[in-house]
Each structure stands twice: as structure tokens, then as C-alpha cells.
Number of protein chains: 2
Amino acid sequence: MSVSPPPITRFERLQRLAKRFPQLDSSGLETCITLLRLSNDLSDAYDASLARHGLSKGRFTVLVRLYSTSETEGGRGLIPAELAESSCVSRATMTGLLDTLEKDGLISREDHPEDRRMYTVHLTPKARQLLEGMLPEHYRRVAALMAPLSEQERDTLRELLAKVSTGLPAFREP
Amino acid sequence: MSVSPPPITRFERLQRLAKRFPQLDSSGLETCITLLRLSNDLSDAYDASLARHGLSKGRFTVLVRLYSTSETEGGRGLIPAELAESSCVSRATMTGLLDTLEKDGLISREDHPEDRRMYTVHLTPKARQLLEGMLPEHYRRVAALMAPLSEQERDTLRELLAKVSTGLPAFREP
DNA sequence: CCCGATTAGTAAGGCCCCTAACTAGTGCAC
DNA sequence: GTGCACTAGTTAGGGGCCTTACTAATCGGG
């Protein structure tokens with residue numbers, strides 16, 4: 001068995017690729033990869049945390065949206081299209097989310113008074129209880145996640161993320 | 001039909017929720033949501049871009065890893081476990097990725113000379129051609145995505161993302 | 001030696017979300 | 001008023017990745 005050569009890091013492989021592909025912007029790619037990896041890790045951690053309460057990101061987002069709306073606008077009830085938009089999922093996906101939330105007794109669908117194509121979605125007391133039980137812990141987790149950043153750093157981070165967002169259309173181009 | 005009340009923004013709902021849940025750190029949550037949303041958008045855009053070449057993030061990551069390794073370390077071939085780790089997917093998922101990549105003629109599996117439990121994975125000429133055809137455009141896209149950020153801002157962004165990463169263990173805690 | 005612990009890869013089944021195609025209700029132009 | 005474009009929601013089917021439970025090969029201590 002021969003002695004192993006020194007391990008080659010991801011960064012070194014990237015540098016060598018950059019020699020072959022002049023279009024490669026190494027600091028940009030490095031930043032992009034960092035962002036995608038953290039996204040993935042954070043997303044997984046988020047899912048795992050919600051899964052303890054039988055929720056997914058989509059299900060949770062819907063419930064919190066309904067909860068915060070009912071708190072601030074007196075249970076006016078939302079329609080699936082509004083929920084889909086504010087949860088960033090397709091309307092078809094929202095149908096599925098609402099189906100399972102209803103089956104689990106967390107939401108109810110009620111006829112829309114004015115337009116028979118739609119209905120309004122409402123939290124059940126069971127859902128309210130679930131949220132009030134879990135949100136304190138959830139918010140504590142998020143606070144712990146962000147604890148390493150000062151207020152100023154958070155502002156900067158949001159700013160920089162917003163700048164990356166402005167690059168998205170160019171990324172998507174033809 | 002009554003006049004609609006002024007629309008309530010996500011930020012306002014957040015503020016009111018914060019009154020009810022003292023654990024809620026609004027700048028932290030706001031930052032976290034911003035991050036999760038951008039993650040989602042970027043991830044979708046990335047997937048859409050790769051899909052034009054018949055690839056997913058996982059498939060692409062595997063191919064690029066193999067490509068850059070063969071460039072720098074003379075086609076030594078990688079084992080599935082290494083690929084799973086460097087692609088951040090489970091070994092089971094890697095089996096699936098390799099199955100379809102092999103079916104599409106992009107990789108080959110070859111017996112491992114020393115350990116019959118494993119095999120080594122190699123790019124086919126077809127895969128090499130695919131990558132060399134698509135990478136220039138791909139790298140151009142990534143460069144365009146990151147163009148709005150100066151070198152210094154990229155450094156700062158990576159730093160701040162790294163800080164968020166350090167908060168992940170605390171997020172996951174019991 | 002050889003038998004248990006470990007490690008590699010795989011199979012089965014599930015969840016989440018997607019797109020595309022469909023159904024039903026609305027409302028406006030004529 | 002009727003027809004047609006539009007809108008809301010649903011259905012069907014698919015892709016990606018996961019976890020859990022498995023099989024096969026290797027290694028190492030008695």
C-alpha cells in the first residue's frame with residue numbers, strides 16, 4: 001500500500017478549474033457554493049425542527065400565516081391563492097397542503113360568501129393550540145441561530161442577500 | 001361592498017406576533033426568512049438552469065466533482081461514499097444518482113481493485129463533452145448572479161454566512 | 001481460524017413540491 | 001342573455017432526496 005498523496009481541497013480543485021474555464025469567477029462561485037450549502041443545511045435543520053411537531057415548512061408557513069392574520073385582522077380567513085403566494089408554493093401544492101392539514105384537523109375550509117369558485121381557510125382550535133405550544137421554542141431556536149450576528153451584521157447580511165437577489169434575473173437569462 | 005382596509009405587510013404581522021411571543025427576535029427572524037427565501041429562489045433558478053442539460057443539482061455536483069478530480073489527479077476514480085460526502089447527499093441517494101447517470105451513459109462503475117464491497121466511478125467521454133459544453137455558460141451565469149457584489153462584499157457575505165453556520169448547532173439543540 | 005462488529009452499497013417506500021391538463025364558476029362584450 | 005375569456009382550485013403524474021432496513025464484504029480480537 002503506497003503512501004497517500006496530500007489531500008486536494010475543494011478550493012484547489014476550483015482554482016485549477018478556473019484555469020481551464022476563463023468564465024469562472026472564483027470568488028463568485030465560492031460565494032455561491034457557500035450560500036447554497038448553508039441554505040441546504042439550514043433548510044434541513046428547519047425541517048427537522050418542524051417535523052417534531054408533525055409539520056413541514058409548507059404546512060408551518062400556512063399555519064403561521066393564518067395565525068398571524070387572524071390575530072391582526074380578526075379571523076377574516078384567507079383564500080388558497082393568497083396562502084399559495086405568501087408561502088411561495090404553487091396553487092396545486094397548496095391544495096395538497098390544505099388537504100392534509102384538514103385531514104389532521106388543523107384547518108377548516110368554509111364557503112366563500114361571494115364567489116363559489118373559492119373558499120376561505122380557517123385555523124381550528126387544535127391548530128391554535130399547536131402553534132401556541134410550539135412557537136416559543138421555535139422562536140428561541142431562530143434567535144439562537146442568529147445570536148452570533150450583531151444587529152448591524154444582520155442588516156448587512158440582509159442587504160447583501162438582497163443584492164444577490166438582484167442578480168437572479170441575470171442568472172436566469174436565456 | 002365595503003372599502004378594503006389598507007393591506008397589512010408581512011413586517012407588520014411580524015411585529016404584532018413579537019408582542020405575543022417575547023422569544024421572537026424580530027431582526028433575527030426577518031434575516032432568517034430573507035435567507036430561506038433567497039435560498040429557495042436561488043435553488044430553483046439553479047435547478048432550472050441545470051435542467052436544460054438534463055441535470056439536477058445532485059447529478060451536476062457528481063459530474064463536476066469527477067471532472068475536477070480527473071483533471072487534477074489523473075482519473076483516479078472516486079468511490080460512491082466520497083461522492084456522497086462531497087455532494088452532501090446520503091449514500092442511498094448517491095446510489096440512485098449513479099444509477100441514472102450510468103443509464104444515461106455519463107458515468108461508468110468499475111470494480112475496486114482492493115475491496116470488493118466498493119467500486120470506482122468514472123466519467124465517460126460523453127459526460128466530459130457535456131460538461132465542457134455547458135460549464136462556460138454555467139460559470140457565466142454564476143458570475144452574472146454575483147456581479148452586483150464587489151469583492152469585498154463577497155468576502156463579507158461569506159463571513160456572515162459562516163457566522164450563521166456557527167449558530168446551526170444551537171438551532172438544532174434539544 | 002472464525003465470528004462478531006463494522007463498513008459499503010442497495011432496495012423499498014415516503015414526503016415535498018412541481019408542471020400540465022382539467023373542471024367549474026364568474027363576468028364582460030356584444 | 002349568451003358566449004367566451006379568465007380565474008380558482010383540483011387531479012394526475014413525476015422528480016429529487018430522504019430514512020429505514022437489508023445484503024455482502026472486510027477486518028480484527030479471541
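Predicted model, so just to flag it, every value in this text is computed and none were measured. Every chain is numbered from 1 and lettered A, B, ... according to where its sequence line falls, protein lines coming before strand lines.
- Contact annotation: Arg109(B) side-chain N/O to dT10(C) OP1/OP2 distance is under 4.0 Å.
- Toward the 5′ end of DNA chain D lies the nearest nucleotide of Asp99(A), the other residue of the pair Asp99(A) and Asn40(A) mapping further downstream.
- A straight line from CE of Met118(B) to P of dT10(C) spans 13 Å, rounded to a whole angstrom.
- The backbone N or O of Leu97(B) sits less than 3.5 Å from a side-chain atom of Thr100(B), completing a donor-acceptor pair.
- Between Cys88(A) and Arg37(B) the shortest heavy-atom distance is SG-NH1, 3.7 Å.
- In this structure, a donor-acceptor pair under 3.5 Å is present between the side chains of Ser86(B) and Arg65(B).
- With hydrogens and angles disregarded, no donor-acceptor distance shorter than 3.5 Å links the side chain of Asp104(B) to the backbone of Leu106(B).
- In summary, the side chains of Thr31(A) and Arg154(B) do not present any donor paired with an acceptor at a separation below 3.5 Å, with no hydrogens or angles considered.
- Contact between Pro80(B) and Met94(B) at its shortest, heavy atoms only, is O-CG, 3.7 Å.
- Ile107(A) places its CD1 atom 12 Å from the P atom of dG9(D), with the value rounded to the nearest Å.
- We find that Arg158(A) and Glu30(B) are not joined by a salt bridge, their nearest charged nitrogen and carboxylate oxygen being 4.0 Å or further apart.
- A salt bridge is absent between Arg141(A) and Glu173(B); no separation between the charged side-chain nitrogens and carboxylate oxygens falls under 4.0 Å.
- Residue Leu50(A) contributes atom CG, which lies 18 Å from atom P of dC18(D) at whole-angstrom precision.
- If you take CE of Met94(A) and P of dT19(C), they are 14 Å apart, rounded to a whole angstrom.
- When the C1' atom of dT7(C) is taken as reference, atom NE2 of His112(B) falls 13 Å away, rounded to whole Å.
- Atoms CG (Asp44(A)) and P (dC15(C)) sit 17 Å apart, rounded to a whole Å.
- Val62(A) and Met118(A) are members of different hydrophobic clusters when ILVMFWY side chains are connected at heavy-atom separations under 4.5 Å.
- Straight-line distance from the CG atom of Asp115(B) to the P atom of dT26(D): 5 Å, rounded to whole Å.
- Atom CG of Leu101(A) is separated from atom P of dC17(C) by 11 Å (rounded to the nearest Å).
- Among the heavy atoms of the strands lying under 4.0 Å from Ala81(A) are primed sugar atoms or P, OP1, OP2 only; no base atom is included.
- At least one side-chain nitrogen or oxygen of Tyr119(A) sits closer than 4.0 Å to the OP1 or OP2 atom of dT10(D).
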Distances for protein N/O vs nucleotides 13-17 of chain D N/O pairs under 3.5 angstrom?
{"residue": "dC17(D)", "atom": "OP1", "partner": "Gly58(B)", "partner atom": "N", "Å": "3.3"}

With the criterion being N/O to N/O and under 3.5 Å, what pairs connect the protein with nucleotides 2-7 of chain D, and how long is each?
{"residue": "dT7(D)", "atom": "O2", "partner": "Arg117(A)", "partner atom": "NH1", "Å": "3.0"}

